[in-house]
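Residue numbers start from 1 in every chain, and the chains themselves are labelled A, B, ... in the order their sequence lines are given, proteins ahead of strands.
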There are 2 protein chains.
Amino acid sequence: MKTGRTEKTPTRNRRAEILEAAAELFAARGFHGVSIEDIGAAVGVSGPALYRHFSGKEALLAEMLLDISERLREQGARLATTADPDTAEAALDALLSGHIAFALTHPALIRVHERELDNVPEQARRAIRRLQRLYVEEWVTVLSELHPACPPARLRAATHAVFGLLNSTPRSAGELAPEAMAGLLRDMARAALARL
Amino acid sequence: MKTGRTEKTPTRNRRAEILEAAAELFAARGFHGVSIEDIGAAVGVSGPALYRHFSGKEALLAEMLLDISERLREQGARLATTADPDTAEAALDALLSGHIAFALTHPALIRVHERELDNVPEQARRAIRRLQRLYVEEWVTVLSELHPACPPARLRAATHAVFGLLNSTPRSAGELAPEAMAGLLRDMARAALARL
DNA sequence: GGAGTCTGTTAATGATGACTAACATCCGAG
DNA sequence: CTCGGATGTTAGTCATCATTAACAGACTCC
């Protein structure tokens with residue numbers, strides 16, 4: 001059928017394709033609610049073919065979450081360090097916009113990242129948690145410049161709360177156009193963080 | 001062993017006991033990550049004993065989510081109608097405090113309520129969604145009094161976002177003392193909702 | 001003191017599902 | 001060509017698990 005001979009990168013794309021399809025499925029039905037067969041079917045191969053690309057279902061999830069956490073952390077590190085160390089205000093805005101863009105662009109990833117950490121094998125879980133912690137600390141650092149009197153624990157809790165707010169996207173999808181949603185979330189988050 | 005003869009309400013408590021234990025387990029490992037055996041073990045009976053109280057695993061989850069949704073809706077309806085129709089401000093505060101109290105008191109329930117709706121059989125799911133919608137509308141009604149110019153879709157999205165913020169509790173547990181957390185969440189949510 | 005209901009228990013039963021084995025195909029390099 | 005690796009396929013295999021069956025103690029009500 002679609003054995004187009006000119007298939008570019010017939011290999012390298014499979015992994016990405018699988019990860020993408022699996023993310024959608026995990027987001028919709030949860031890790032344990034999705035079978036290897038399901039994931040295979042979603043990319044047009046059937047079942048055990050996945051073992052040519054991943055060592056197992058948990059490894060697949062681990063790689064997915066590691067990738068998400070790494071992207072967020074990298075983005076956080078990049079945006080929080082906007083040269084100008086004076087304007088913590090600008091850094092916070094950059095973090096906000098970056099996180100919102102990610103959440104709106106990849107709602108499935110956000111959902112999986114939020115829900116499935118427990119299903120990742122111990123070792124990878126530690127690595128993921130480390131990255132998450134680094135990302136949070138990026139926010140806490142910026143916030144502590146804006147609110148020097150506020151204790152770190154409170155800043156951390158506030159950061160988690162804002163993540164909850166921003167990550168509500170997958171739940172209220174479709175209500176608003178993406179730009180409107182982005183603006184709303186940014187305004188609400190900014191206001192929430194001003195009260196520290 | 002503990003066959004204390006004077007066991008009060010030996011029956012009626014089992015259902016509640018099971019629901020409670022199951023909620024903790026579901027919150028920790030997800031619906032599909034918990035077996036009937038696990039739930040039985042958590043309340044000291046083993047396995048199929050649960051079928052004396054629930055018709056099945058999904059029915060158990062359905063009842064759990066129905067109960068949570070009903071409690072929230074009831075609480076919402078009660079608090080939003082604080083006699084004084086003038087002070088929408090007060091009604092909003094009441095809704096906020098009520099939701100925060102619930103989230104802080106029952107983090108496991110909040111988590112399950114947020115994550116497991118997809119695993120509920122169709123019919124019950126509809127009922128649960130209806131209750132959730134009613135609860136959201138309670139908020140939207142109050143908010144629309146405070147922000148008459150704001151379109152309902154935006155108010156709904158904002159409500160979901162605030163729920164995300166308030167429900168971040170299970171994720172940042174332990175960072176702050178409950179009262180401090182409650183105060184923080186209320187301040188942040190109030191500020192976020194002022195920006196509409 | 002026995003019939004019936006409630007609540008449990010320990011064995012099936014039957015699916016589902018992750019993972020492995022054994023066996024093709026394709027394709028690039030020598 | 002042909003060897004080898006990459007990628008798939010289809011049949012197991014082995015666990016796990018929800019659910020049911022068959023049976024038993026306890027308590028109530030007569």
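Separating the CG atom of A/Leu50 from the P atom of D/dT7 is a distance of 13 Å, rounded to the nearest angstrom. Whole-Å rounding puts the B/Phe54 CZ to C/dC6 P distance at 16 Å. Summarising the geometry, the separation between NE2 on A/His32 and C1' on D/dA18 is reported as 16 Å, rounded to the nearest angstrom. Between the P atom of D/dA18 and the CD1 atom of B/Ile39 lies a distance of 8 Å, rounded to the nearest Å. B/Glu37 has its CD atom 15 Å from the C1' atom of D/dA15, to the nearest Å. Rounded to whole Å, atom P of C/dC6 lies 17 Å from atom CG of B/Asn13. To the nearest angstrom, P of C/dT5 lies 17 Å from NE2 of B/His53.
Within a 6.0 Å sphere centred on CZ of B/Arg130, heavy atoms belonging to other residues, nucleotides or ligands number 12 at most.
A salt bridge links B/Glu63 to B/Arg15: one of the charged nitrogens lies within less than 4.0 Å of a carboxylate oxygen. A salt bridge is absent between A/Asp118 and A/Arg125; no separation between the charged side-chain nitrogens and carboxylate oxygens falls under 4.0 Å. Using a 4.0 Å cut-off between charged nitrogen and carboxylate oxygen, A/Arg171 and A/Glu114 count as a salt-bridge pair. For A/Arg156 and A/Glu137, the salt-bridge test passes: some basic side-chain N is under 4.0 Å from an acidic carboxylate O.
Using a 4.0 Å heavy-atom criterion, one finds that B/Val43 contacts no nucleic acid atom at all.
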Contacts under 3.5 angstrom, residues 96-106 of chain A side chains, donor-acceptor by atom type, not counting sequence neighbours:
from, atom 1, to, atom 2, distance (Å)
A/Ser97, OG, A/Asp93, O, 3.1
A/His99, ND1, A/Tyr135, OH, 2.7
A/His99, NE2, A/Asn167, OD1, 2.9
A/Thr105, OG1, A/Ala101, O, 2.4
A/His106, NE2, A/Arg71, NH2, 3.3

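Nearest to the side chain of B/Ser35, among C/dG8, D/dC17, C/dT9, sits D/dC17.
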Review item, nucleotides 19-23 of chain D N/O atoms under 3.5 Å of protein N/O:
from, atom 1, to, atom 2, distance (Å)
D/dT19, OP2, B/Tyr51, OH, 2.7
D/dT19, OP2, B/Lys57, N, 2.9
D/dT19, O5', B/Tyr51, OH, 3.1

